[in-house]
Amino acid sequence: MNRLALAHPKIRRLAFSRQALFVGLAICFVWFVTVSMRNDVSEHWSRLGLQLPDLRKQPQRMPTHNVLPPLAPRIPCYGPRGHLLGHSPDDDLVEKEIDGPYPIPFAGSFEALGFDLTYMTAENRYGPYGYGEDKEDYKRQKVDWANLDWGKLQNECFYRNRERFPEAAEPLNDTRIETRFTYRKNAPFSEIRHWHEFEPSRRTAIVVRVWKGYEYSSEDMYYIRSLIAETSLKSGGEYQVILLVDMKDYEGYKPEIFASRELYEQGLKDAGVPPEFASIAILWDNRLLDSWYPDVEEHRTMWQVFQPMQLLALFYPEFDHWWQVEMDMRFMGDAGKMLDRLALFAREEPRKQALERATFWHMINEIGDYEEFSKQVDKANNGGSLAWGPMRVREILPIGPEPPVSDPRNETFRWGVGEEADVITTSYCNDANKPNSWVFKEWIYGFKKGVQTPRYYCPPAIMRGSRTLLLAIHQAQVEQGIRVPSEATLPSFALWHGLKLSFPQHPVFHRDNGDDKMQDEWWRGGPQASKSGNGPDNLDHPRGMGLTFWWESDFPRQIFSAWTGRKLEEGVDFPWLLHQQDGQIFAPNIIMHPMKHIKDDQE
């Protein structure tokens, strides 16, 4: 005791300092462990004004500017009658201008997208693809459809245009012979592939979703034929149409099609794909998805519609972009022109406020043209932009580019102009964290913040996704098992990674034309009334039963049935949108969804 009492003062201070240091370290350790168990350490650390370094391996980020040069002019290709398209009237659509004002859309714009203000009859539109060929007055050269090979036509078109494309571009070989999908354990390459491993091919795949046992009506055949001719053949091979066939093993289909070549061939027979499309059909089943994504327990289309698309991007990386379209869509105009216009709009749209513009529906009757609409969105956001670089969530290491300036208010709507969009939606987007009645709001897994995780949903899931985006989602699901519902998958992952999103606002009409009160309920004050500048403050709206493009609508079927001469159901009025002249029925140049499936023998 005396020796301790007689210790030099400096030694006493040193001993006290060591004790304080050990106590402080112990307190910090306990705090750190407690916080780790409760939440994200970095968030608590940041509240103290500090930033913990992220020790995870960082991915390679994309360049800030990525504008590709235009392709050389398209070289004409041969169509189903053996003629170069554009050289025979038998293969041509007949688009007409009709005197009088063109209908003003309920939402969207013809002018902003460059859609032609034309009309077509059903024969004008689908005559080249067999519509009316059973009638005596059919004047076009008939085609032996059963012996046609649309895959061969598409590849011949690609080879005619081969010199227009980079070396990375390749044809899609006959899918009956070259089968690429396989279980994860048998994959011939790394299970994770990254955006920087691939050069641009300048080609886009259009994936049409069908399933085993699907009953192909005459309408369906006209639709698929028109898609191939107007997108792939008329574009000089810039598009490639594929049929993606769900074998429905979850409903009892037994053969394990990826267990052997023989079983896959059996699957091709059982799929029921018409012979003319057999060489472009790719099969998948739930067993395949489960082998690749075992930590994602739900693979059904309603929840994870993009999982097969993710595998397409993985196994067929020669395509830069992937359109997912449905059998219940109809392009009432030239499908290739329409998809070109959507892509062009998205390419020329700046990144700044692209999300904010996508969260409002542009309504000409409420706000005027698209330029005025964009000005009002900018005003509502005080010149700022919510999605400026990655929308940070802890679970995602972003691959998107860094913005050219830190403050979006200092940028003049030039960043991203000329760059392809990583996701193109076909309807407006909603902030899932705003008060809403979205039925899938609670369905989110793998995120520490749970339902508070920032995400956006843009129904329906008819969208175009880039290879870059799809591979990034694939990686997250393989390594972490994280997921959100189908209609939120592409937009949310794109925003988390800082990739480009665009909603080209194509024209949409309503059955109740001129109902101002109903339109106001959809408009919800627009950007002028929005406190956040990020969509209407109130996300509630009327049901969409009368819209020409809305997941639950019955109006598209009524239009199509009346246009093709089918008898309408009792109590259904002739659609006002159709124009009758000289005993013919003309439809405007729009995209419709959904189309209730009707068999050929149904009235």
Side-chain angles (χ1 to χ4, degrees), residues 105-109 112-113 323 341-364 366-367 369-381 384-391 400 408 413 415-417 419-434 436 438 454-466 469 484 486-508 522-530 532-537 539 541 544 547 549-551 591:
F106 176 83
S109 170
L113 267 66
W323 264 112
R341 298 294 195 281
L342 296 181
L344 176 61
F345 179 95
R347 189 180 308 125
E348 295 304 314
E349 184 173 28
R351 285 175 175 261
K352 181 175 175 178
Q353 296 170 2
L355 173 62
E356 289 83 350
R357 288 187 295 274
T359 58
F360 296 98
W361 232 352
H362 169 220
M363 294 184 171
I364 293 173
E366 298 282 358
I367 201 170
D369 64 17
Y370 194 81
E371 182 178 0
E372 181 59 30
F373 166 73
S374 298
K375 288 179 181 178
Q376 292 300 326
V377 172
D378 182 44
K379 184 177 180 181
N381 285 276
S385 186
L386 178 64
W388 193 246
M391 188 175 287
F413 294 94
W415 185 36
V417 173
E419 297 181 9
E420 294 288 347
D422 289 282
V423 56
I424 297 177
T425 73
T426 53
S427 193
Y428 68 85
C429 301
N430 299 280
D431 182 349
N433 287 337
K434 283 189 175 185
N436 63 74
W438 186 37
R455 67 219 132 102
Y456 285 77
Y457 60 100
C458 316
I462 298 171
M463 304 178 189
R464 192 191 83 173
S466 68
L469 175 59
V484 291
S486 295
E487 58 204 37
T489 298
L490 293 195
S492 296
F493 273 93
L495 293 168
W496 296 331
H497 277 285
L499 300 175
K500 185 178 179 181
L501 174 148
S502 179
F503 167 37
Q505 303 220 18
H506 60 94
V508 176
W522 278 95
W523 177 241
R524 294 159 290 180
Q528 302 100 315
S530 174
S532 66
N534 178 35
D537 295 330
L539 294 184
H541 56 72
L547 294 167
F549 198 93
W550 192 257
W551 63 272
I591 305 171

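Worth knowing before you read on, the calculation uses all heavy atoms, side chains too, and leaves out hydrogens, waters and symmetry mates.
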Qualifying residues under side chain to side chain donor-acceptor pair (under 3.5 Å), relative to [X], sequence neighbours excluded:
X	value
R357	E349
R347	E420
N381	none

Output all residues satisfying side-chain contact (heavy atoms from CB on, under 4.5 Å) with [X], sequence neighbours left out; order by chain, then residue number.
X	value
P459	N430, Y457, E487
T426	W323, P460, I462, H506, F549
K375	E371, E372
S530	F360, S532, D537

Quick one: does [X]'s side chain have a donor or acceptor within less than 3.5 Å of a partner on [Y]'s backbone?
X	Y	value
K500	A346	yes
R351	G498	yes
T489	V484	yes
K352	P408	yes
E356	G535	no

Sorted by chain and number, sequence neighbours left out, ring-ring contact (aromatic ring centres under 6.0 Å, His included) with F345 holds for Y370
Sequence neighbours excluded, the answer for ring-ring contact (aromatic ring centres under 6.0 Å, His included) partners of W388 is W415
Does any part of the side chain of [Y], heavy atoms only, come nearer than 4.5 Å to the side chain of [X], both counted from C-beta?
X	Y	result
I424	P504	yes
V417	P350	yes
L342	R464	no

Minimum-distance pair of heavy atoms, taken over all atoms of [X] and [Y]:
X	Y	result
A387	L495	CB-CD2, 3.8 Å
W496	P454	NE1-O, 2.8 Å
F503	A358	CB-CB, 3.8 Å
D378	Q353	OD1-NE2, 2.7 Å
I364	G108	CD1-O, 3.8 Å
A432	N436	O-ND2, 3.1 Å

Inter- and intrachain pairs under salt bridge (charged side-chain N to carboxylate O under 4.0 Å, His left out), touching residues 422-434, at least two apart |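 Every candidate salt bridge (charged side-chain N to carboxylate O under 4.0 Å, His left out) pair involving residues 422-434 fails, so no pair, neighbours aside, qualifies.
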Sorted by chain and residue number, the salt bridge (Lys or Arg N to Asp or Glu O under 4.0 Å) partners of E366 (sequence neighbours excluded) come out as none
What's the spacing between L469 CG and M463 CE if we round to 0.5 Å?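 Reported to 0.5 Å precision, the distance equals 10.5 Å.
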Taken to the nearest 0.5 Å, the spacing of Q505 CD from S427 OG works out to 8.5 Å
The side chain to side chain donor-acceptor pair (under 3.5 Å) partner of Y456 among T425, T359, N534 is N534
Taking the inter-plane angle between the rings of W361 and W550 on a 0 to 90° scale, is it parallel (under 30°), tilted (30 to 60°) or perpendicular (over 60°)?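 Tilted, since the angle between the ring planes falls between 30° and 60°.
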